Every structure is written in structure tokens, then in C-alpha cells.
Amino acid sequence: MKVALLFPPQWYPSQPYLALPSLKAHLESRGHEVDQFDLNIECYDVFLSRKYLEHCVRVIRERLADPSRSNEDQEVRPVYKDILSDTAFLESVLNEVEDAKNVLRDETRFFQFDKYSKAYTNLKIAMQLISYAHHPSRVDLDSFFMQGNPEENLSGILEATQDRVRNPFLHMFDEYLIPKIQWEEYGIVGLSIIHIGQVIPGLTLVRQLRRLYPHLHIVVGGSVFNRHANLLDDKQELFKEFFHSLIVSEGELPLDQLVRHIKENKPLNTVPNLIYLDGERVIKNPKTEALPYEQLTCPTFDQLPLEKYLMPYPVLPYMSSRGCYWGKCTFCTHSFIYDSHYRKENEVRVAEELDYLSKKYKTKYFTFSDEAISPNAFNRMSKEILKRGVEMRSLGMLKFESSEKESAELFDDIYRAGFLMLFFGLESANDRILSVIDKGCDQETERAVLKHSSEAGIWNHLYLFFGFPTEEREEAEDTIRFTIENSEVESGIIHSVGQSIFALEKDSAIYHNPAKFKIDRIIQDPKRDMAIVFDYEIKSGMQREEVLDVYENFDSIIEKHFPSRKIWNYLSREHFLLYLDHYGKEEILNMASIRTAT
């Protein structure tokens with residue numbers, strides 16, 4: 001019995017996601033026959049084509065001409081008229097979309113920033129045209145949004161997955177993607193949903209598969225439904241309409257057992273980590289501990305169309321640990337799917353696998369998907385990579401520890417091993433807020449570590465947010481001052497920044513103990529019972545309007561103090577990794593200065 005593993009839209013088009021290659025490798029090591037399909041990149045290849053955009057223009061004409069939709073489409077009708085009346089612009093969009101894709105796949109034109117930025121803009125315009133055809137939904141180059149967030153409740157899911165006006169994926173799957181696969185060859189289909197923007201597309205797909213191919217057993221995994229596991233007792237319709245079973249936590253061991261049970265026609269009650277429907281009862285089997293790293297297999301990217309990703313070279317994801325070695329940040333839920341169980345791979349094996357993958361897939365580019373790589377692990381891993389002479393260019397996540405653990409010598413080795421860019425979760429530069437978050441560091445440590453990393457030649461990217469519960473305006477100003485003082489035009493140890501507004505997520509420490517963080521009430525809306533992000537009421541600290549004001553003002557501060565934003569703001573992290581390797585840190589900074597001067 002063959003297994004088909006699917007990764008649904010809508011996610012980034014620059015590289016494969018690691019879930020399927022890891023599961024395929026493990027299942028094959030256990031004797032199963034497995035094929036993997038990245039329907040996300042296949043979907044982009046169709047979306048970003050003249051044929052599909054012509055379909056969208058026809059849809060827009062039909063909506064404009066349909067008198068029954070005049071009230072519903074009142075807001076967008078003027079836009080429709082503008083699109084159809086500017087025939088020269090519309091024709092340029094249709095004509096240029098294929099070449100825009102090819103620019104991002106062409107190693108010569110990709111590195112000509114003017115050509116790159118024009119191509120990227122053309123792709124964004126194409127995605128806007130698709131969005132208008134399915135207004136008020138929005139499809140872009142990393143996600144999918146439907147008005148009203150239907151993925152947050154069962155009735156919304158049932159309606160959205162059959163809505164041919166607002167959901168472009170019904171037509172996409174019917175006409176393009178489902179016919180590409182010989183479903184009769186498979187007995188089990190596994191779907192990985194790791195982001196909220198995949199919920200409606202992914203469930204649309206399996207609903208169609210279940211109707212067309214009733215012999216298939218459909219199982220869903222991934223972080224989104226992992227966080228819904230405690231909500232499913234009255235969600236029988238999910239099991240009747242979409243999938244037969246659901247795997248929570250890590251998938252290797254449970255999926256292997258599920259495949260064996262189905263092959264041997266055994267009852268499912270002994271498959272660990274499995275949730276399924278028995279009659280009208282939702283059954284949740286006991287969970288088991290995830291496999292140790294030595295029993296996991298090097299991922300395989302065989303069968304994935306590496307030439308279709310919007311990159312001139314393959315950039316492969318890799319993971320040297322699972323879970324987070326720190327695991328204390330009070331806002332974070334990233335380790336939830338790992339049951340907060342941290343373990344890591346032997347660094348010798350890491351170097352061996354990177355060397356193997358590099359040679360097999362003819363690339364030196366990797367992105368480490370670890371939640372955070374510890375200083376000790378980074379030290380040993382870098383030394384092994386250097387010892388073996390692995391040619392690698394990569395990026396990774398690092399937590400602020402101390403200037404002693406994260407020394408200048410450590411960063412010299414990290415850079416020489418091929419790590420050109422590091423992502424740091426700064427979150428805040430105010431010591432009180434850092435303490436409440438439980439980051440295990442202070443502003444002095446942040447500054448010292450960033451200095452060591454920058455002096456080694458590494459590009460430092462910071463993540464930060466405003467509006468953590470109880471944060472006052474002057475505390476947010478500490479973060480802003482820190483960013484300015486260490487910005488590109490000042491000390492130069494921060495090179496790029498990604499800012500956001502704090503979001504209260506289900507399953508975080510704050511969610512489970514709101515009073516500790518002075519949250520008066522988490523708003524539980526029964527119409528949003530499958531929500532992951534929650535509104536809340538709090539009297540302490542900045543209110544929502546003030547947080548928005550700080551956030552918006554900070555955007556202009558970044559513009560002023562980071563001239564290179566004109567470069568990195570256009571580029572995804574994978575694209576920027578290639579630019580860093582091609583040009584070097586200093587040349588990118590110079591490129592930005594030249595563009596500012598002209």
C-alpha cells in the first residue's frame with residue numbers, strides 16, 4: 001500500500017518545507033513505499049501563469065456583469081472597472097508573469113537587483129489580480145486569508161471549503177492539481193498543515209479527495225491541528241467530511257504505526273498519538289514519546305520539483321535539534337508540537353548529512369529550522385563542518401545567552417563554517433520586560449553578543465515586538481533607542497529588523513496563567529472556538545491604540561536608520577541568504593547607499 005504525502009498551499013515559494021522530506025525518509029527506512037508532493041509550489045506555478053491570470057480576468061468580468069452580485073460586490077466594482085479598462089497595463093501583467101518567475105530562477109538576472117525587484121513586484125501584482133477575482137479573500141506570496149477567518153470555527157470551515165467565489169483552491173484542485181496524481185495507486189494520504197493560511201486550502205483539498213476517492217485513508221498532521229486536539233470532542237464533522245484521522249506531536253512513529261495498522265487491517269486503537277472517529281465518538285489514543293534523534297533519518301528531497309521553486313539554486317531546510325533547549329519564553333508556543341521535549345542530533349552526523357545533501361542535490365545553501373541552536377551545539381557543529389570541509393552557506397536562529405558563552409571566537413567559527421546570517425529573538429531591550437518574558441538575558445548581553453557576531457562578519461537580523469502585557473511606553477522606547485543606537489547608521493551591529501505587535505496565542509504560558517501577567521480577561525468567543533490567537537483585556541501597560549502608534553512610528557525609524565532596508569525588505573530570507581553569499585555584507589550595505597544617493 002503506497003502512501004502519498006502532501007504539502008498544501010499557501011506557503012512561501014522559495015524552498016520545500018521540511019515535514020514531508022523527514023516523514024518520507026523515515027517511512028522508507030521502515031519499508032514503506034512513499035511519494036511526496038509539494039502542492040504549494042505546484043499551485044504557485046499555475047497561479048503565476050498567463051493562462052490562470054486570464055481565467056481570473058474572466059471571473060472578474062463575470063462578477064461585474066452579474067446583477068445578482070451588485071450589492072455584494074459594491075466595494076470592489078470600481079476596482080474591477082479600472083482593471084478591465086486599463087487594457088495596456090492588464091496585458092503587461094499577463095505578458096510578464098512567466099518571465100517574472102524565470103527571473104527569480106535565473107542565476108544571472110536574480111542577482112541584478114533592479115531586475116529582481118521589478119520581477120518580484122510583477123509577481124505581487126499578479127497575486128493581487130488573483131485576489132480581486134476572489135474578493136474579499138486575499139492570496140499573496142506566503143499565505144491565504146478569507147474574510148471573517150472561517151478557519152476559526154467548524155461552520156466557517158464547512159462553508160469556506162465549498163465557496164467557489166471566495167476560495168480559489170476549489171478550481172485550482174479540480175482543474176489543475178488533483179488530475180496530476182494517480183490517486184488509485186495510493187491507499188493512504190498524509191497532509192501536513194503547519195500554518196493558519198493552509199487550513200482552508202488544505203481542508204478544501206482533502207474534502208475533494210474524500211469525495212472523489214473514497215478508498216483513501218486521509219490523515220492530517222502538523223502544528224495547527226496539534227493545537228486543536230483538545231477541541232475535537234464535538235467536531236465529528238471534521239472526521240466525516242475531511243480526514244479520517246489526525247496525528248498530534250511528531251509524526252514519524254505514529255505515521256509508521258498507522259500505515260502498518262491499515263496495511264494489516266488492524267483496529268486503530270493502538271496507534272499512538274492518533275485521534276479518529278469511532279461511531280460518533282472522537283477517540284484520542286495515548287501519546288508516546290517521540291523517537292530519539294539516532295532513530296531519525298536524514299531527510300530526502302527526492303521527487304520534489306526543486307527547479308520550480310522561485311530560486312536560482314536549491315535552498316534546503318535542515319534541522320539539527322527538535323524543540324527548544326531554553327523553552328521558557330512565556331509568549332512562545334513553538335515547542336508545543338514537540339511536547340516541549342528538546343533533543344538534538346550528534347554534531348558529527350550533522351556535518352555528514354549536510355555534506356551528503358549538498359552533494360546529492362548540488363547545492364551549498366541551507367536554512368536551519370531549529371527553534372534555536374545553543375552556543376555549545378553551534379560550537380561543536382561549526383568545528384565539525386570546518387573539519388570535514390563541508391562547503392555550506394546557511395542561516396540559523398540563536399538565543400542571547402551571555403557574552404562569555406557567545407564569544408567572539410565562537411562567532412568567528414560560526415562564520416567560517418558558512419553561517420552568513422543569524423536571527424535573534426530580541427523581543428525587547430527593556431530589562432524588566434525581558435525578565436517577564438523569561439528570556440534569560442538583559443540589554444547589556446544583547447549588545448555584547450550582537451557586537452561579537454557583527455565583528456565576525458555575520459549579518460544580524462532581530463525579531464522584536466511591542467505591546468507585551470504590562471509594557472509601558474517608556475519601556476517600548478528602550479527597545480527603540482537600542483535599535484537606533486546599534487542601527488546601520490550608528491554602531492552598525494544590527495543589520496535588519498522585523499517588528500510585530502504582541503499576539504496572545506493559545507498554549508503559551510501567558511494563555512495558561514493570564515493573571516500572572518495582569519491580564520484581566522481572555523476573550524473566549526464561542527464563534528471562534530478554533531482560534532489560535534486571542535484578544536484580551538488588560539488595564540496595565542499600553543492600550544491597543546498606543547501600541548499601534550508605537551509600531552507605526554517605529555516603521556519610519558527603521559526606514560531612516562537602515563538604508564539597506566531598500567534591499568532586504570524586498571527579499572525573502574532565502575533570497576537574502578543568496579545575496580549575502582553573492583555580494584557580501586559590506587557590498588549590500590554599499591548597494592543600499594548608492595540607491596539612496598540616486
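We're numbering straight along the sequence, starting at 1. Since we're looking at a predicted model, the values are computed, not measured.
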So, do [X] and [Y] have ring centers that fall under 6.0 Å from each other?
{"X": "F169", "Y": "F144", "value": "yes"}
{"X": "F465", "Y": "F331", "value": "yes"}
{"X": "Y309", "Y": "Y44", "value": "no"}
{"X": "F411", "Y": "F378", "value": "no"}

Value rounded to 0.5 Å, distance of [atom1] in [X] from [atom2] in [Y]:
{"X": "T300", "Y": "L27", "atom1": "OG1", "atom2": "CG", "value": "12.0 Å"}
{"X": "L255", "Y": "H26", "atom1": "CG", "atom2": "NE2", "value": "8.5 Å"}
{"X": "T161", "Y": "E151", "atom1": "OG1", "atom2": "CD", "value": "12.0 Å"}
{"X": "T297", "Y": "K24", "atom1": "OG1", "atom2": "NZ", "value": "12.0 Å"}
{"X": "F554", "Y": "S556", "atom1": "CZ", "atom2": "OG", "value": "9.5 Å"}
{"X": "L410", "Y": "S382", "atom1": "CG", "atom2": "OG", "value": "6.5 Å"}

Candidate pair N226 and S249, rule side-chain contact (heavy atoms from CB on, under 4.5 Å), full reasoning = CA-CA 6 Å; N226 191 74; S249 301; 3.9 Å; yes
Flag the pair [X] / [Y] as yes when at least one side-chain heavy-atom distance between them is below 4.5 Å, and no otherwise.
{"X": "V103", "Y": "N122", "value": "no"}
{"X": "L450", "Y": "F424", "value": "yes"}
{"X": "F301", "Y": "L357", "value": "yes"}
{"X": "L191", "Y": "V219", "value": "no"}
{"X": "M172", "Y": "Y52", "value": "yes"}
{"X": "L571", "Y": "Y120", "value": "no"}
{"X": "L203", "Y": "P8", "value": "no"}
{"X": "Q198", "Y": "Q10", "value": "no"}

Between [Y] and [X], is there a side-chain donor-acceptor contact under 3.5 Å, judged purely by atom types and distance?
{"X": "Q499", "Y": "Y551", "answer": "no"}
{"X": "S320", "Y": "E345", "answer": "no"}
{"X": "E353", "Y": "Y318", "answer": "yes"}
{"X": "S453", "Y": "N460", "answer": "yes"}
{"X": "E574", "Y": "T367", "answer": "no"}
{"X": "Y583", "Y": "N590", "answer": "no"}

Assess whether side-chain contact (heavy atoms from CB on, under 4.5 Å) is satisfied between L205 and I178, documenting all intermediate values.
-> CA-CA 8 Å; L205 172 61; I178 288 178; 4.0 Å; yes
Could I get the full list of side-chain hydrogen bond (donor to acceptor under 3.5 Å, both in side chains) partners for K2, not counting sequence neighbours?
-> D35, E185
Tell me, please, which residues at least two apart from E175 pass side-chain hydrogen bond (donor to acceptor under 3.5 Å, both in side chains).
-> none
Salt-bridge criterion met for [X] and [Y] (N-O under 4.0 Å):
{"X": "K360", "Y": "D302", "answer": "yes"}
{"X": "E54", "Y": "K51", "answer": "no"}
{"X": "K115", "Y": "D106", "answer": "no"}
{"X": "E406", "Y": "K399", "answer": "no"}
{"X": "K359", "Y": "D355", "answer": "yes"}
{"X": "K180", "Y": "E42", "answer": "yes"}
{"X": "E307", "Y": "R105", "answer": "no"}

Side chains of residues 575-582: which donor-acceptor partners sit under 3.5 Å, not counting sequence neighbours?
| unit_1 | atom_1 | unit_2 | atom_2 | d |
| --- | --- | --- | --- | --- |
| H575 | ND1 | Y116 | OH | 2.6 |
| H575 | NE2 | L310 | O | 2.7 |
| Y579 | OH | F110 | O | 2.6 |
| D581 | OD1 | R393 | NE | 2.9 |
| D581 | OD2 | K364 | NZ | 3.2 |
| D581 | OD2 | Y365 | OH | 2.5 |

Decide yes or no on salt bridge (Lys or Arg N to Asp or Glu O under 4.0 Å) for R50 and E91, but give the supporting numbers first.
-> CA-CA 10 Å; R50 182 183 178 100; E91 188 61 25; 2.9 Å; yes
Are E352 and R349 close enough, and set up right, to give a salt bridge (Lys or Arg N to Asp or Glu O under 4.0 Å), and what steps lead you there?
-> CA-CA 5 Å; E352 291 172 349; R349 182 178 158 187; over 6 Å; no
Does [atom1] in [X] sit with more than 12 non-hydrogen atoms of other residues, nucleotides or ligands closer than 6.0 Å?
{"X": "Y415", "atom1": "OH", "result": "no"}
{"X": "K585", "atom1": "NZ", "result": "yes"}
{"X": "Q295", "atom1": "CD", "result": "yes"}
{"X": "F111", "atom1": "CZ", "result": "yes"}

Which residue pairs pass the salt bridge (charged side-chain N to carboxylate O under 4.0 Å, His left out) test with at least one member in residues 370-384, sequence neighbours excluded?
-> E347-R380, K383-D413
The complete set of side chain to side chain donor-acceptor pair (under 3.5 Å) pairs with one or both residues in residues 133-145, sequence neighbours excluded, reads none
Please, which pairs that meet side chain to side chain donor-acceptor pair (under 3.5 Å) have at least one residue in residues 123-133, sequence neighbours excluded?
-> none
Passes ring-ring contact (aromatic ring centres under 6.0 Å, His included), F173 versus H171? Steps please.
-> CA-CA 6 Å; F173 296 140; H171 177 77; over 10 Å; no
Under the side chain to side chain donor-acceptor pair (under 3.5 Å) rule, what do E427 and Y463 come out as? Steps first, then yes or no, please.
-> CA-CA 6 Å; E427 325 309 357; Y463 293 120; over 6 Å; no
Can you name the nearest heavy-atom pair linking D174 to Q208, along with the distance?
-> OD1-NE2, 2.6 Å
Which heavy atom in W459 sits nearest to a heavy atom in H495, and how many Å separate them?
-> CE2-CB, 3.2 Å
Derivation and outcome, side-chain contact (heavy atoms from CB on, under 4.5 Å), residues V390 and F366 = CA-CA 12 Å; V390 180; F366 295 89; over 6 Å; no
Passes side-chain contact (heavy atoms from CB on, under 4.5 Å), R565 versus E559? Steps please.
-> CA-CA 7 Å; R565 190 188 195 198; E559 193 77 40; 2.8 Å; yes
Can you say whether the rings of Y186 and F37 are parallel (under 30°), tilted (30 to 60°) or perpendicular (over 60°)?
-> perpendicular
